[in-house]
Structures are given as C-alpha cells and as structure tokens.
Amino acid sequence: MSDLTPLRDLLDHHVVGHDEVKTALLLALITREHIYVEGPPGTAKTRLAEVAAKGSELDFFFYQLHRDTRLAELVGDIVLERRKVKTDGAAPGTTGEAERIHQRIEPGGLLTAEVAVLDDISRAPGEALNVLLRILNERRFGAEPIPLMAAIATGNPMDDEYYNEPLDPANLDRFALQLRVSGLIQSGLDDAKTLIDRFASGSVVEQPDPEPVTDRATLDALNRRMVEVEVGAAVRAALLDVLRTLVLEFECNETNSLLTDRTFLVKAIKILRGAALLAGRDAVDLQDLNALSWMTTFRVPPEAHEALPRIIGRVSRQVRAV
C-alpha cells in the first residue's frame, strides 16, 4: 500500500473513471513534475486537481487562459507606489530628494500556489506564455523561489470546432507527463453507468470540500525518498531497449519526435521511481515502464505511442528471459 492510497481513494470517491489522469496526477505530486492533459470540456480535469489539492491541504490556483491574458493576471497584482530617491541638487556638490513612481508585483496566483491548473494554455498570447513557461521550468519568479509542486495545463482537442492551435513541441516538452483523455461515454460505458447510477440514486448532492487525507509533509517525504528507490540493471536495460525500438523500428528522430536526453534519460528515471513509490515499493519493477506511455503522448508519432504498451511488454519479456 502506498502512502498516497487515502488520496487515491478520495479521488475515486469524488470522480468516476479517468484512472490514468488520477495516477499521473499523484505521480506529479511525488516527482514535482508538470502535466499536460488534452481533452474536451467536462472531463473532470479541474475537479481532479482540486480534489487532490484540497485532500492534501495544498494551496490551489485555477486560471482559464484567453487571447488577452496578461501576465499580472497569473502572478499577482501590479502595485504602484511612491518612493523617495536622492537626486543631484541644484548647486554643484549638493543633493536633494524627489519622488518617483515604482511598479512591483504583489505575489499571488501562480506565485503562491502549490497546485495550479492552467486551462486552455494554448490560448495564451506569446508574451504571457513565454514568461509562464519560464516560471514553470525554473520554479521561481525573478530571484524568488515559488512553492509550486505541480502545474496541470489543459487544452482542447486539436479539432476545428475548438478554434485552438497546438502548443509548440518545445513548449509542450516542459510537461513531463502528457495525457489525452475523452469523456466517459467515449472511453468506458461501465464508468458512465456508475456515474448515472450515482445521480439516479440521489447519492450525489452538493458535495462539501474534500477533507484532507494527507499533507505537504507526506508529499515532501515521498519526494525525498525517490533517490533511495533502486533502479536495477534489468530496468535500465529495458528502458534503453524501449528507446532503441522507438528510434530504429519507428524511425523517431528530430524531425518527427522529441526524445530529449533531459526527458528520457533523466526525468524518466524520476517518473519510474515515483511509480514504484506509488505502488508501495522501494525498487522499480519492469511493470513501472508502463508510465512511459504518459511521456510519449505528444512526443512521438501516434503509431509509435499506440504501440508502446506492446513494445514494453516485448522488451520486458526479453529482459526477464536473460
């Protein structure tokens, strides 16, 4: 049993289905990585993040980006204040004082949140988006660190009806975990039936805020434990074989994919360790390689991503047979 089992149970209680998003969200909290989730409105993306944050007593920030988003809307209020400054006096060698208007940011929003949902991120104008992504990458604003643990960026499907443009692949790479989701009707009628039954029985009423079932200290402790999780030779060999297959068999290269060293040789190890901790283990198992599916959604061609479970299964069998 994982230390985050109570939080997973809380997510299951408040949201039906979407198991992959739930697991990826918990992974993000452990590994301190960001998530990008693409899916139509009404697929519980924001609700899941809100339940995870409140169930962990974390500060939560939600913002729906738009074409006219200004940076101040994301990071706090712009404050104008008068300051006295020394100036050269009228006579040589003398000084005086003058007042000047200075502008500063009163930190808020993203700068004070521990979990943030940035809805419709692809709609943000370039200037605001560039600064936003830099803040997410550096975890600081200017010289000041921020308490952000994980950001969940969402986007609508890349269909004409949504009138949105895809993020640049290099920008999308800032999000280690990437998922594509659909509604319960399209993805699983069993889950759809469960949701209908809940509402039909009258068991779903206006729900109060989720009660905390874990806290920041527990999440911090799990994050510190990651370096102690063993990544054995078999797992390391399997990871390289999976990457080799993507390059050689599916011809993933710099023209059609984004298989960067930073993501697949460094962050992948973090994700695998986080998956092991989430399963209550102190060593990465070959089955944890399935988490790579949440790292390739938008980084490789669709046919390569769809084949990944089969590739991982084949590589795992070969490694076990050695």
Side-chain angles (χ1 to χ4, degrees), residues 1-11 19-37 48-49 52-53 55-59 113-116 135-140 145-153 173-179 212-240 242-243 259-297 299 308 312 316 319:
M1 179 180 290
S2 163
D3 292 349
L4 292 187
T5 297
L7 186 56
R8 177 55 189 258
D9 291 342
L10 187 71
L11 290 170
D19 291 339
E20 289 194 339
V21 181
K22 292 172 182 174
T23 303
L25 180 55
L26 296 181
L27 268 179
L29 292 177
I30 293 175
T31 62
R32 303 295 194 269
E33 291 294 342
H34 304 311
I35 316 174
Y36 176 77
V37 183
L48 282 168
S56 308
E57 292 190 298
L58 301 175
D59 291 328
E114 294 171 301
V115 175
I135 293 172
L136 295 184
N137 187 51
E138 298 176 355
R139 310 294 179 110
R140 61 179 59 247
I146 61 175
L148 186 67
M149 298 174 67
I152 305 170
D173 193 49
R174 305 294 178 95
F175 303 91
L177 297 162
Q178 303 176 353
L179 295 89
V213 294
T214 188
D215 54 26
R216 172 90 192 225
T218 299
L219 295 169
D220 287 344
L222 283 168
N223 181 259
R224 289 192 296 269
R225 279 173 52 193
M226 279 205 311
V227 296
E228 301 172 2
V229 175
E230 180 184 357
V231 185
V235 172
R236 299 197 300 271
L239 173 59
L240 285 175
V242 169
L243 296 174
L259 299 175
T260 64
D261 294 349
R262 175 184 61 192
T263 298
F264 286 94
L265 301 183
V266 178
K267 290 191 175 184
I269 298 299
K270 290 177 63 179
I271 299 300
L272 294 178
R273 281 174 160 157
L277 284 175
L278 206 51
R281 289 183 270 102
D282 57 6
V284 177
D285 190 88
L286 288 170
Q287 63 184 308
D288 296 322
L289 289 169
N290 290 310
L292 295 176
S293 292
W294 302 327
M295 303 183 71
T296 57
T297 307
R299 289 187 171 96
L308 197 62
I312 292 171
S316 297
V319 169

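When a residue number appears, it is its place in the shown sequence, counting from 1.
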Note to self: Go through it in stages, so that I can follow the logic: the residues are Asp261 and Val266, the test is side chain to side chain contact (heavy atoms under 4.5 Å, CB included), and I'd like the CA-CA distance, side-chain angles, deciding distance and then a yes or no.
What the structure shows: CA-CA 7 Å; Asp261 294 349; Val266 178; over 6 Å; no
Next item on the list: Applying side chain to side chain contact (heavy atoms under 4.5 Å, CB included), run through Ile135 and Arg140 and close with a yes or a no.
Entry: CA-CA 6 Å; Ile135 293 172; Arg140 61 179 59 247; over 6 Å; no
Notebook entry, point to check: Would Val235 and Val319 satisfy side chain to side chain contact (heavy atoms under 4.5 Å, CB included), going step by step from the backbone distance to the final call?
Noted result: CA-CA 8 Å; Val235 172; Val319 169; over 6 Å; no
Next item on the list: Please assess Ile271 against Trp294 for the test side chain to side chain contact (heavy atoms under 4.5 Å, CB included), listing each intermediate value before the final yes or no.
Entry: CA-CA 10 Å; Ile271 299 300; Trp294 302 327; 5.8 Å; no
Checklist line | Audit row: Thr23, Arg8, side-chain hydrogen bond (donor to acceptor under 3.5 Å, both in side chains) steps and yes/no | finding: CA-CA 8 Å; Thr23 303; Arg8 177 55 189 258; 2.9 Å; yes
Check: What's the verdict on side-chain hydrogen bond (donor to acceptor under 3.5 Å, both in side chains) for Asp215 and Thr218, showing C-alpha distance, side-chain angles and the deciding distance?
Finding: CA-CA 6 Å; Asp215 54 26; Thr218 299; 2.9 Å; yes
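The main-chain N or O of Leu136 is never found under 3.5 Å from a side-chain atom of Arg174 such that the two would form a donor-acceptor pair. No donor-acceptor pair closer than 3.5 Å links the side chain of His34 to the backbone N or O of Leu177. Of the possible donor and acceptor atoms, none in the side chain of Arg32 sits under 3.5 Å from a partner among the backbone N and O of Ala150. The backbone N or O of Ser293 sits less than 3.5 Å from a side-chain atom of Thr297, completing a donor-acceptor pair. Distance alone, capped at 3.5 Å, places no donor-acceptor pair between the Arg299 side chain and the Thr263 backbone.
With rounding to the nearest 0.5 angstrom, the CD atom of Glu138 is 9.5 Å from the CD1 atom of Ile146. Rounded to the nearest 0.5 Å, atoms OG1 (Thr260) and NZ (Lys267) are 8.0 Å apart. In this structure, Leu26 CG and Leu277 CG are separated by 12.0 Å, a value rounded to the nearest 0.5 Å. Atom CG of Leu265 and atom CG of Leu239 lie 7.0 Å apart (nearest 0.5 Å). Taken from CG in Leu29 to OG in Ser56, the straight-line distance is 6.0 Å, to the nearest 0.5 Å. Here the CG-CG distance, from Leu11 to Leu25, works out to 6.5 Å after rounding to the nearest 0.5 Å.
Using a 4.0 Å cut-off between charged nitrogen and carboxylate oxygen, Arg225 and Asp282 do not count as a salt-bridge pair. A salt bridge links Arg216 with Glu114: the distance from a Lys NZ or Arg NE/NH1/NH2 to an Asp or Glu carboxylate oxygen falls below 4.0 Å.
Between Glu20 and Leu179 there is a side-chain heavy-atom pair separated by less than 4.5 Å. Side-chain contact between Val229 and Leu272: absent, with no pair of heavy atoms (C-beta onward) separated by less than 4.5 Å.
Judged purely by distance below 3.5 Å, without hydrogens or angles, the side chains of Thr214 and Asp3 never pair a donor atom with an acceptor atom. Of the N and O atoms on the side chains of Arg273 and Thr31, not one donor lies less than 3.5 Å from an acceptor on the other residue.
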